[in-house]
Number of protein chains: 2
Amino acid sequence: MQSGERRTTLADVAAEAGVSVALASIVIRGAAGAGAATRERVLEVAQRLGYQPDSRARLLRSVRTRLLGVVFDVRHPFHTDLLTGLYDAAGAVGYELTLSAVTPRRDERTAIGGLLQDRCEALILFSPRSRTADLAALAARLPVVAMMRTVRQRAVDVVRTDDTRGSELAVDHLVDLGHRRIVHIDGGALPGAAERRRGYQDAMRRHDLGDLIRVIPGGSGEDDGARAAERLLPDPPTAVTVFNDLSATGLLDVLRGHGHPVPGGGGQRFHGGVSVVGYDDSSFSRLAHINLTTVAQDVAALAAGAVRRAVARIEGTDVEHREVVIEPRLIIRGTSGPAVPG
Amino acid sequence: MQSGERRTTLADVAAEAGVSVALASIVIRGAAGAGAATRERVLEVAQRLGYQPDSRARLLRSVRTRLLGVVFDVRHPFHTDLLTGLYDAAGAVGYELTLSAVTPRRDERTAIGGLLQDRCEALILFSPRSRTADLAALAARLPVVAMMRTVRQRAVDVVRTDDTRGSELAVDHLVDLGHRRIVHIDGGALPGAAERRRGYQDAMRRHDLGDLIRVIPGGSGEDDGARAAERLLPDPPTAVTVFNDLSATGLLDVLRGHGHPVPGGGGQRFHGGVSVVGYDDSSFSRLAHINLTTVAQDVAALAAGAVRRAVARIEGTDVEHREVVIEPRLIIRGTSGPAVPG
DNA sequence: ATGAAAGCGCTAACAC
DNA sequence: GTGTTAGCGCTTTCAT
């Protein structure tokens, strides 16, 4: 079908337009230094011949690739949201993105390796699971921005949400509603879990509720939340903050199954029973069925921060702080309501 | 930090190992034609110098890039599932993937343009929204595989699920459970909607239920399902097949809000009331809170089919049919149960 | 088994 | 403004 014919090169365009390749290059790139008439003619020929620049050759020759490598995980819905913001932010400063996915059978190492061969100028890693030492080694080769986690290594930049603050927002909200017995369902050693736990503890103490601090082991899955709920059932608190949304739905489901009031569907607000606040604002938490009060990360700010930081490192700009910390915000939906006495 | 030092090239490795660049290339590529001792030495040097091949130069020189371009939409969770399968399938036949995302502010045209410059050998498009004419023009340049939609154009290959069959599976299941008054909530002009509608109608007629065929306008969102539910309330059927899972949850929520029995949480099976079957097996449909009976697409088969077809076109193998149609399967969860008389 | 030379398609310096 | 000359880092003949 498209077998024989060699694809159109810049040389073809130049020949057809009767100019040198270099001049044609200038026109195609939109660079200065070509006459208006020439410009028009070359463009017309390129159009007519269906010319497409060859990024490999272009990138090979250019000193700068203006390419940002991004590693994301297909299992994390939030990562694709972030991708949207990243394309916006990168485009705004004239950079391109090359994507490399982590899947259940394609690990982070492989994903990073691919980008290294593509000669990206910097790497932006979503929730990287690599060891700090590996990240440090990588950062010795090119600028590395780790997102959604902390990295205690001076060579690696970090852009993340203030998770401690996120949990505080959740607790403050519940205290405002009159809750005192507030339990935290933990995320163990998962990224962000320590910060979220600490935010809960800090806020409880700040509200003089230090004596009521109670942390139940949990995790990132629905099962983890369900198990935590079982442990809560004998002596349920009036409110719960959960490590993430998925765990929160598991918890909600068990509470509901045991006759505890459930979140109001259809946007209704919840009254009485156990209030639940999740974390992440995962897409499903918006569903009328779930309607979960949760803590949201600021996607646009995270993306913009990461690109700004990557570009600063590439272009050698001095940066103030190694960590860029973005403020979270509370999304109040149906699973949190006033505490009822008794 | 990583400023001054030029990165290690194959020439550096060759010089250090005391061989020619050509020979070093052979070793690095793992090609035949190098002595065992040489091979070991070159590899050791490459390792020590932290050599990384430059994919741009490599691809530029090679006749074949063995690169498959993939366009996916960040808004569609199913697309990331498919990505996983595609990496597996491509890796198995020695091809690489280059990804290009469609986002709310990055259209399909742009996404495709990027891949064209990357000199992919074929394009795999997830649920492409481009007009048939544009796809045909593209297919004149390189092999194009459209997934999850039909394209009535001989130059474009298609790999999709048999959506008609999917709806039939749903109806068969409901009829098995004793349902007769089964309504279909439609997807209008959305991709796949016509097939799903037809499958519903065919199956109803096959079960001699042609007189009970009832199609309600719907859509792809939760709201669409909710609106459809409102229309159903005055005279509810015993079962519903819905265009997709999101719409189905919207519908379920309204039915529940009006006192109709709701799906059993925690994996319980549903008894009596309105049975609901969704479509897509979206990740949230697995949640205990939702626990939706639905029709699943076979991710692995779709991915394998797309890669096999792309590679066949690239390598000039003859193919039997232009369309590769994959069999869907029914996932029975909690929102479908026996019809109760009366 | 190894090396020399050519060149993939393009951009960057430098001439004119 | 425009053309000429050199490569970018690699793979690929073709010698040896």
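Throughout, protein chains are lettered first and strands after them, A, B, ... in sequence-line order, and every chain is numbered starting at 1. All of these numbers come straight from a predicted model, not from anything done at the bench. All heavy atoms count here, side chains included; hydrogens, waters and symmetry mates do not.
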**Student:** Does this structure show an ion pair linking A:R48 with A:E16, if we count only N-O contacts that are shorter than 4.0 Å?
**Tutor:**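 Salt bridge flag = yes for A:E16 with A:R48.
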
**Student:** With a 4.0 Å cut-off on N to O distance, would you call A:D54 and A:R56 a salt bridge?
**Tutor:**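 So A:D54 pairs with A:R56 through a salt bridge.
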
**Student:** For residues 31-41 of chain B, which residues have at least one heavy atom under 4.0 Å from DNA chain C?
**Tutor:**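 By residue number: B:G33, B:A34, B:G35, B:T38.
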
**Student:** Can you sort out the partners of A:D280 under salt bridge (Lys or Arg N to Asp or Glu O under 4.0 Å), two or more places apart, ordered by chain and number?
**Tutor:**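 Testing A:D280 for salt bridge (Lys or Arg N to Asp or Glu O under 4.0 Å), a comparison that skips the adjacent residues, returns A:R196.
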
**Student:** Assess the residue pair A:D12 and A:T9 against the criterion (side-chain contact (heavy atoms from CB on, under 4.5 Å)); give the C-alpha distance rounded to whole Å, side-chain angles, the decisive distance to 0.1 Å, and a yes or no.
**Tutor:** CA-CA 5 Å; A:D12 300 329; A:T9 72; 3.5 Å; yes

**Student:** Among B:V324, B:V151, B:V325, which one satisfies side chain to side chain contact (heavy atoms under 4.5 Å, CB included) with B:V158?
**Tutor:**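 So the option named by the test is B:V151.
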
**Student:** Assess whether side-chain contact (heavy atoms from CB on, under 4.5 Å) is satisfied between B:R64 and B:E315, documenting all intermediate values.
**Tutor:** CA-CA 10 Å; B:R64 300 280 317 270; B:E315 298 178 352; 4.1 Å; yes

**Student:** Consider only side-chain N and O atoms of B:T110 and B:D107, and report whether a donor and an acceptor are under 3.5 Å apart.
**Tutor:**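 Looking only at side-chain atoms, B:D107 and B:T110 do form a donor-acceptor pair, the distance falling under 3.5 Å.
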
**Student:** I need the single residue from A:E323, A:R322, A:H321 that forms a side chain to side chain contact (heavy atoms under 4.5 Å, CB included) with A:D157. Which is it?
**Tutor:**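 Answer to the side chain to side chain contact (heavy atoms under 4.5 Å, CB included) test with A:D157 among A:E323, A:R322, A:H321: A:R322.
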
**Student:** Can you tell me how far P of D:dG9 sits from CZ of B:R29, to the nearest Å?
**Tutor:**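 These atoms are roughly 18 Å apart.
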
**Student:** For DNA chain C, what dot-bracket results from Watson-Crick or G-U pairs at under 3.5 Å, with [ ] for crossers and | for inter-strand partners?
**Tutor:** |||||||||||.||||

**Student:** Which pairs with one or both residues in residues 37-78 of chain B pass ring-ring contact (aromatic ring centres under 6.0 Å, His included), sequence neighbours excluded?
**Tutor:**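 Applying ring-ring contact (aromatic ring centres under 6.0 Å, His included) to every pair that reaches into residues 37-78 of chain B, excluding sequence neighbours, yields B:H76-B:H79.
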
**Student:** Among residues 46-68 of chain A, which ones have heavy-atom contacts with DNA chain D below 4.0 Å?
**Tutor:**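 Within this stretch, A:L60, A:R61 sit under 4.0 Å of the strand.
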
**Student:** Could A:R75 and A:D73 be called an ion pair, given the rule that one side-chain N must be under 4.0 Å from one carboxylate O?
**Tutor:**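 Yes.
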
**Student:** Please check the phosphate of D:dG9 (OP1 and OP2 only) for any side-chain N or O of B:T9 closer than 4.0 Å.
**Tutor:**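 Checking B:T9 against D:dG9: no side-chain N or O falls below 4.0 Å of OP1 or OP2.
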
**Student:** Just the rounded figure in Å: distance from C1' of D:dC10 to CG of B:D12.
**Tutor:**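 In whole Å, D:dC10 C1' lies 13 Å from B:D12 CG.
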
**Student:** Would you check if there is a donor-acceptor pair between the side chains of B:S130 and B:E108 at a distance under 3.5 Å?
**Tutor:**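 Yes - a donor-acceptor pair under 3.5 Å links their side chains.
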
**Student:** Specify the separation, in whole Å, of atom CD1 of B:I26 and atom P of D:dG9.
**Tutor:**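 In whole Å, D:dG9 P and B:I26 CD1 are 21 Å from each other.
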
**Student:** Whole angstroms only, please: what is the CG-C1' distance between A:D118 and D:dG9?
**Tutor:**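 It works out to 14 Å between those atoms.
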
**Student:** Quiz question: by atom type and distance under 3.5 Å, do the side chains of B:T98 and B:D118 form a donor-acceptor pair?
**Tutor:**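 Checked: B:T98/B:D118 side chains show no N/O donor-acceptor pair below 3.5 Å.
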
**Student:** Quick test of your reading of the model: are A:E96 and A:R66 salt-bridged, counting only N-O distances below 4.0 Å?
**Tutor:**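 Salt bridge: no.
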
**Student:** Quick one: how far along DNA chain C does chain B reach, first to last nucleotide 5' to 3', anything under 4.0 Å to a heavy atom?
**Tutor:**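 Terminal contacting nucleotides, 5' to 3': C:dA1 to C:dG9.
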
**Student:** Would you mind reading off the distance between B:R7 atom CZ and D:dC8 atom C1', rounded to a whole angstrom?
**Tutor:**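 Rounded to the whole Å, the gap is 13 Å.
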
